[in-house]
There are 2 protein chains.
Amino acid sequence: MANIRDVADSAGVSVATVSRTLQQPERVSPKTRNKVMAAVQAVGYKPNLMAVKFRSGKSHNLVVLVPTVANVFFARVISGMQEAAAELGYSILLANTLGNSEIESHYAKMVSTSQADGLIQLRAHNPFDASMVNDNGLLPMVNACEVIDDGQYPVVSLDNRAAAKAMTEHLISLGHSRIAMIKGPNSSPLTQDRLAGYQDALTQAGISFEENLLFPGDFTLQAGYNAGETIACLKDRPTAVFCENDETAIGAMQAFKQANLHVPNDISMAGFDDIAFSAFVDPPLTTIAQPAEEFGRTAVTLLVDLLNGKIRKAPKVIMPFELIVRESTGKALG
Amino acid sequence: MANIRDVADSAGVSVATVSRTLQQPERVSPKTRNKVMAAVQAVGYKPNLMAVKFRSGKSHNLVVLVPTVANVFFARVISGMQEAAAELGYSILLANTLGNSEIESHYAKMVSTSQADGLIQLRAHNPFDASMVNDNGLLPMVNACEVIDDGQYPVVSLDNRAAAKAMTEHLISLGHSRIAMIKGPNSSPLTQDRLAGYQDALTQAGISFEENLLFPGDFTLQAGYNAGETIACLKDRPTAVFCENDETAIGAMQAFKQANLHVPNDISMAGFDDIAFSAFVDPPLTTIAQPAEEFGRTAVTLLVDLLNGKIRKAPKVIMPFELIVRESTGKALG
DNA sequence: ACCTGAAATGAAAACGGTTACATTTTAAAT
DNA sequence: ATTTAAAATGTAACCGTTTTCATTTCAGGT
């Protein structure tokens, strides 16, 4: 492969002139500029970006830790990240962590070994350990979607508590008072916030909270289906089910159908995320829309600002949500 | 940040010895090894991987061009790639191209500028142009899922023609003879192969092919829904619909439901891909299962072999498919 | 104790750019 | 024509590693 020296020789100038021609053309006379450009073509020069990155100390890579790319919501977030990163001249190193700390560590290490300039974490977990932290303290990271809100890192999240409250209020306004909830993993702050919002709405409406209307889940279709089967068999069945994400709701609806329960006549269903499928299931799912792509874009923008020293105190960005009422929720009967 | 020279000074040895201690410990006496290790700890040394990659000329990055990460099937493929790449010591630079040639070019250029060692393309399109190709000819690439089969690059694909034929035969065996097809984009070889398989089965069964049973689509839920609406209104309605992917089928089923058509009693539905949702829609979808994660793993393995010169002639790997019969297909009535 | 080959270590070049600094060329002002 | 500042270009150091080659140390055989 031709290098910058070959170009310099071919053009009869110094390597510095070649570099300047390519980086800051205005600092070079038009005459030599043409000579150099011609030489670049002649020898088929393509700059070794690895060398540039090494020399400049900036990799222009961003690591993204995503719990699972198979989750449709995350797929949208990633899509937004890609877009913003491309605009800002960064590339995304995507890590599908599957919640595995070892994988997280492996990729987090890329930041401390100069392979990436910063990291975006979509889970409420600090992937850096003592061995990675460098002299000057914190490593550049932005926490998005599901966040640890300790003020150390910039954060972009949703007011999950308010959103869950809004959805629960919607169900209450339809006359429901026995409202079940299929949760996410208990360890997730996101689950706790949504649970809190659910309780807020109950309390405000004077409905007492019942522990046994809570069902475990893990954001997958299968978990939703399992919980749905359980709920369908309950003697004192709830009249509405609020699921912590759409996959869970879709799984549960399928279980209800197989149990010959009609949604929403027998039981109302609500989800969270507004993934594309939710508008195309039967019945179309009432849910909370999150600006997923915008989450990704914001996280990247924030991280790049952080890298450029444009951020003093870790900002906290709260994204807006929207209650999308479709046909899976209806008046409570009986 | 401490560098290798700091370690050398702290340990009282040369930088060469430090490098050897870290790369090939057996080439260094146990005594100095300990000294060096202690010094590494003492100064908090973390090798600058950017420098290593630059020096070695190997980035250990692989670019993956995916038409859209929002497609659930591709998400699974990517997941498999991640896994294999991690095992082999490579990182994935993911590019969400959205079919945009400019984005493809941008990322493809990473290979010619030494930012990545090779590329995996999930679309039937050569992302390299004349400006990227280097002296020694072809750039390292593997083409997976939807492929251009010109023998230039290693390929990992499915026998889409055989799979489509198998599905069509299944429908025919249930007594269907008016079988519609909702296609993917016409430009896609994948679409052409599946169409050919569909025709193979018809021909074999002595059923004449009708051009007007073909409906356009683009692999999205919405396109499926649109086609479904059209089909529902047909005077001479087909009794079965074979969709080129599951999203399309799910979209179309929703349209049928809104038109009060029962699946499979009024109309049988078949998909392709076996995405997770397909088992949880109503009714569960008959489809063709593709080993998506295995696609990704194989593509990465093949690319790494190619990079290591372990491949002479571009291999062609054909992955197995499986017909998954669920409840969306039934006997033709009437 | 001495020689010899192997093992361990060190010195320095190399990878391919960027950039601070030095030098030359150019154009404008006298 | 001469001076002078600005513009253009060149020289060489530098980024942090790896690796070749030279040198030193070591252990084993006489």
Side-chain angles (χ1 to χ4, degrees), chain A residues 1-40 43-61 89 109-117 134-135, chain B residues 1-37 39-40 43-60 89 109-117 134-135:
Chain A
M1 278 290 283
N3 63 22
I4 199 170
R5 236 160 294 260
D6 298 328
V7 178
D9 292 349
S10 163
V13 298
S14 73
V15 294
T17 300
V18 175
S19 177
R20 276 189 288 256
T21 306
L22 266 23
Q23 302 307 320
Q24 332 161 44
E26 72 283 359
R27 296 216 27 207
V28 147
S29 78
K31 195 169 44 166
T32 38
R33 205 185 304 165
N34 291 337
K35 264 197 305 188
V36 171
M37 290 318 219
V40 165
V43 305
Y45 172 64
K46 291 169 210 72
N48 181 328
L49 277 263
M50 221 62 199
V52 174
K53 290 175 168 192
F54 158 55
R55 179 61 226 262
S56 69
K58 297 275 152 230
S59 67
H60 278 247
N61 288 153
K109 210 167 286 171
M110 291 187 161
V111 179
S112 55
T113 55
S114 311
Q115 287 188 86
D117 298 339
N134 56 10
D135 352 271
Chain B
M1 280 291 282
N3 62 22
I4 199 170
R5 230 161 300 259
D6 298 329
V7 178
D9 292 349
S10 163
V13 299
S14 72
V15 294
T17 299
V18 177
S19 178
R20 275 189 289 256
T21 307
L22 267 23
Q23 302 306 320
Q24 331 162 48
E26 73 283 358
R27 296 219 23 207
V28 147
S29 79
K31 195 171 44 167
T32 38
R33 206 184 304 165
N34 293 336
K35 264 197 305 183
V36 171
M37 288 318 218
V40 164
V43 305
Y45 172 64
K46 291 168 207 76
N48 181 327
L49 276 264
M50 220 62 201
V52 174
K53 290 176 167 191
F54 159 57
R55 176 61 226 251
S56 69
K58 297 274 154 232
S59 67
H60 278 247
K109 210 167 287 172
M110 291 186 158
V111 179
S112 54
T113 57
S114 311
Q115 290 188 83
D117 298 341
N134 58 8
D135 352 271

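Predicted, not measured: the structure shown is a model, and the values here were computed from it. Throughout, a chain's letter reflects where its sequence line sits, starting with A, and its residues are numbered from 1.
Among all heavy-atom pairs drawn from B:Gly44 and B:Ala2, the shortest one is O-CB, 4.4 Å. Minimum heavy-atom separation, B:Gly89 to B:His60: O-ND1, 3.1 Å.
The side-chain heavy atoms of B:Asn48 and B:Met1, taken from C-beta on, include no pair separated by under 4.5 Å.
Taking atom CD on B:Glu26 and atom P on C:dA7, their separation rounds to 12 Å, with Å as the unit. Whole-Å rounding puts the B:Lys35 NZ to C:dG10 C1' distance at 12 Å. The CG atom of B:Asp9 sits 15 Å away from the C1' atom of D:dT17 (whole-angstrom rounding).
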Per-nucleotide protein contact string for nucleotides 14-22 of chain C (B base, S sugar-phosphate only, - none; heavy atom under 4.0 Å):
BBBBBB---
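From B:Lys53, atom NZ reaches atom OG of A:Ser114 across 10.5 Å, with rounding to the nearest 0.5 Å.
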Under 3.5 Å donor-acceptor pairs involving side-chain atoms of residues 16-25 of chain B, not counting sequence neighbours:
{"from": "B:Thr17", "atom 1": "OG1", "to": "B:Ser14", "atom 2": "OG", "distance (Å)": "3.2"}
{"from": "B:Thr21", "atom 1": "OG1", "to": "B:Thr17", "atom 2": "O", "distance (Å)": "2.6"}

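Listed by chain and number, the residues in a side-chain hydrogen bond (donor to acceptor under 3.5 Å, both in side chains) with B:Thr32 are B:Ser29 (sequence neighbours excluded).
Within 4.0 Å (heavy atoms only), A:Ser114 reaches no atom of the nucleic acid at all.
The shortest distance between the side-chain N/O atoms of B:Thr32 and the OP1/OP2 oxygens of C:dT9 is below 4.0 Å.
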